[in-house]
Amino acid sequence: MEDIYTWVREGNAFQVRMWLDNTENDLNQGDDHQFSLLHWAAREGRTNICEMLINRGARINATNMGDDTALHLAAAHGNYDTVVLLLHNKANINSVNEHGNTPLHYACFWGYAEIAEHLANNGALVNMANEFGKTPLDHAQPHLAHLLKERAVSLGQDMRKIPFQDRSWLGYQTRSRDATLSKHSGINFEHLHFTTRIMSTKSAELWKGRWQKNDIVAKILNRVCSDRNLRDFKEEYPRLRIFNHPNILPVLGGCMDPKSRSLVIISQWMKFRTLYDVLHGETNIVVDQNQALRFALDIARGMDFLHSLDPMIPRMKLNSKHVMIDEDLAKINIDDPKYQMKAHNGGIVSGIDEDLTAKINMADYTFTFHDVGKEYNPAWLAPEALQRKPEDINQRAADMWSYAVLLWELATREVPFADMSPSETGMKVALEGLRVTIPPGTSAHLSRLIKICMNEDPGKRPKFDMVIPILEKMKAAS
């Protein structure tokens, strides 16, 4: 029987890579004790597999049921190279588990002097007390304790003991994902519990609900399903279960309401909802230039992945209403001073930064039985996509045009052609040369990129793997 955890523990890189290439496999899933694949790779010192998992989007600070991160396990088992790799990828060096122990506690307790020194050199706190009042210095042998104390003083650490603080509330927000979500493609409608109606559109109703003890969103399509529609639905939605990329929000599964014969698509609940809501609604999220670039990079990486699939998934239309915003505290170092901590009603993290991720929502796929000719969001569509059938255009080039409009939206915080109706917008973009106008004051680099991506000649538009390095340089420069 296939067992990805065994392959990771044994260091079978070939089998791990093959498993990761299957889009239905979730690299951030946890086992019965919420050990993720990265946990096991770090514990066993499989640095090459750790690097593979991180490059594929593993959550660097995900925790198991004991609130241990991968860095805890690497330090506790003496895996120096793995510790170095994890720190290089922004692992939280002072993360505490359920007993208040940091990675440095474990390195000192087990006598891994080289790891302890490396942690101290990179900012590990030597006087952080666990729930028993013990600091890493208390666990270290005298010679190592003396060395670490000198290093901490030279780095300007406050040598007063830092008392233990219960941060178990954080663990619940950073746990490895429930593997149940990626295992069940067929869903029993009777097991869904709808709680709140979110919105209604011309094509579907959205409901918040619960399934398998997880918050979900149910998209109920507004049409009575024929036997042929049901057959097409069952054939098409499994391709939308893409769990192996951090910038794709997969469809968890689908089913039919036996009473109304409406088709239902299930996805994970994202509390900030869509990028459109974040940019134009009342979410209290400030999207500054840095955050806009992070969102732009996330979307580009997600689209690059979708464009790499063979065959490519058709009828995925890119716009800000089809991009979801997720908050994941396991992505970041929560102890970085830029994150202000508040212990209130179980703990709240204020300050929006790198913990937000943009994900392309596969639930917004257009099925073959939908009204293909109707376009509800033409402002983001390329002129050729409005003029011709999907099979008669270069879909990758058309997606790049949509991405250019999205970049404009991130730069201006405005809705494209907000003063026109969708039908008027579609007609003028397709036939009268209506285009978004880049306002004065927009970054010169971003303005140039928007113009390149919106080239009137589809053949001259770049591909996403060309755009990503440009955005990475812009992000680094900002």
>> Using side-chain contact (heavy atoms from CB on, under 4.5 Å), reason through R301 and H245 one step at a time and then give a plain yes or no.
In response: CA-CA 9 Å; R301 287 167 177 156; H245 196 281; 4.2 Å; yes
Sidechain-backbone polar pair: [X] side chain, [Y] backbone, donor-acceptor under 3.5 Å:
| X | Y | value |
| --- | --- | --- |
| R396 | H307 | yes |
| R197 | W207 | no |
| R273 | V278 | no |
| D457 | N455 | no |
| R241 | E24 | no |
| H322 | M316 | no |
| S402 | W380 | yes |
| E384 | P458 | no |
| N79 | A42 | yes |
| N244 | L20 | yes |

Measure the shortest side-chain to side-chain distance between [X] and [Y] over non-hydrogen atoms and say whether it is less than 4.5 angstrom.
| X | Y | result |
| --- | --- | --- |
| I470 | I452 | no |
| I360 | M303 | yes |
| F295 | L356 | yes |
| N247 | F305 | no |
| F367 | D232 | no |
| T412 | V436 | no |
| P383 | W401 | yes |
| C225 | F233 | no |

Considering all heavy atoms of both residues, which atom of [X] and which atom of [Y] are nearest to each other, and what is their separation?
| X | Y | result |
| --- | --- | --- |
| N229 | L263 | O-CD1, 4.4 Å |
| L446 | L407 | CD1-CD2, 4.3 Å |
| M65 | D32 | SD-O, 3.5 Å |
| A300 | Y403 | CB-OH, 3.6 Å |
| L38 | R59 | CD2-O, 3.9 Å |
| E456 | R461 | O-NH2, 3.8 Å |

> Looking at W269, is K208 sitting on its ring face, NZ or CZ under 6.0 Å from the six-membered ring centre and within 45 degrees of the normal?
Replying inline: yes
Rounded to the nearest 0.5 Å, what's the gap from [atom1] on [X] to [atom2] on [Y]? Could you check?
| X | Y | atom1 | atom2 | answer |
| --- | --- | --- | --- | --- |
| I325 | Q291 | CD1 | CD | 7.5 Å |
| C50 | N89 | SG | CG | 10.0 Å |
| D399 | C453 | CG | SG | 12.0 Å |
| L85 | T47 | CG | OG1 | 6.5 Å |
| Q387 | D392 | CD | CG | 12.0 Å |
| I49 | N12 | CD1 | CG | 7.0 Å |

Can you tell me if [X] and [Y] form a side-chain donor-acceptor pair at under 3.5 Å?
| X | Y | result |
| --- | --- | --- |
| E409 | H280 | yes |
| S443 | Q289 | no |
| N97 | H72 | no |
| K317 | N377 | no |
| T274 | D277 | yes |
| E51 | N55 | no |

> Yes or no on side-chain contact (heavy atoms from CB on, under 4.5 Å) for C255 and L192, after CA distance, side-chain angles and deciding distance?
Replying inline: CA-CA 10 Å; C255 59; L192 297 174; 3.9 Å; yes
>> Before you tell me yes or no, could you show the steps for R315 and Y365 under side-chain contact (heavy atoms from CB on, under 4.5 Å), namely the whole-Å CA-CA distance, both residues' side-chain angles and the distance that decides it to 0.1 Å?
In response: CA-CA 6 Å; R315 300 180 299 280; Y365 166 83; 2.5 Å; yes
> Can you check whether F35 and Y5 have ring centres sitting under 6.0 Å from each other?
Replying inline: no
> Does A363 have any side chain to side chain contact (heavy atoms under 4.5 Å, CB included) partners at least two apart in sequence or in another chain, and if so, which?
Replying inline: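 V251, I265, S267, N361.
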>> Assess the residue pair N28 and F243 against the criterion (side-chain contact (heavy atoms from CB on, under 4.5 Å)); give the C-alpha distance rounded to whole Å, side-chain angles, the decisive distance to 0.1 Å, and a yes or no.
In response: CA-CA 9 Å; N28 285 305; F243 289 86; over 6 Å; no
>> Surrounding CE of M18 (heavy atoms of other residues, nucleotides or ligands, distance under 6.0 Å), is the total greater than 12?
In response: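 Open.
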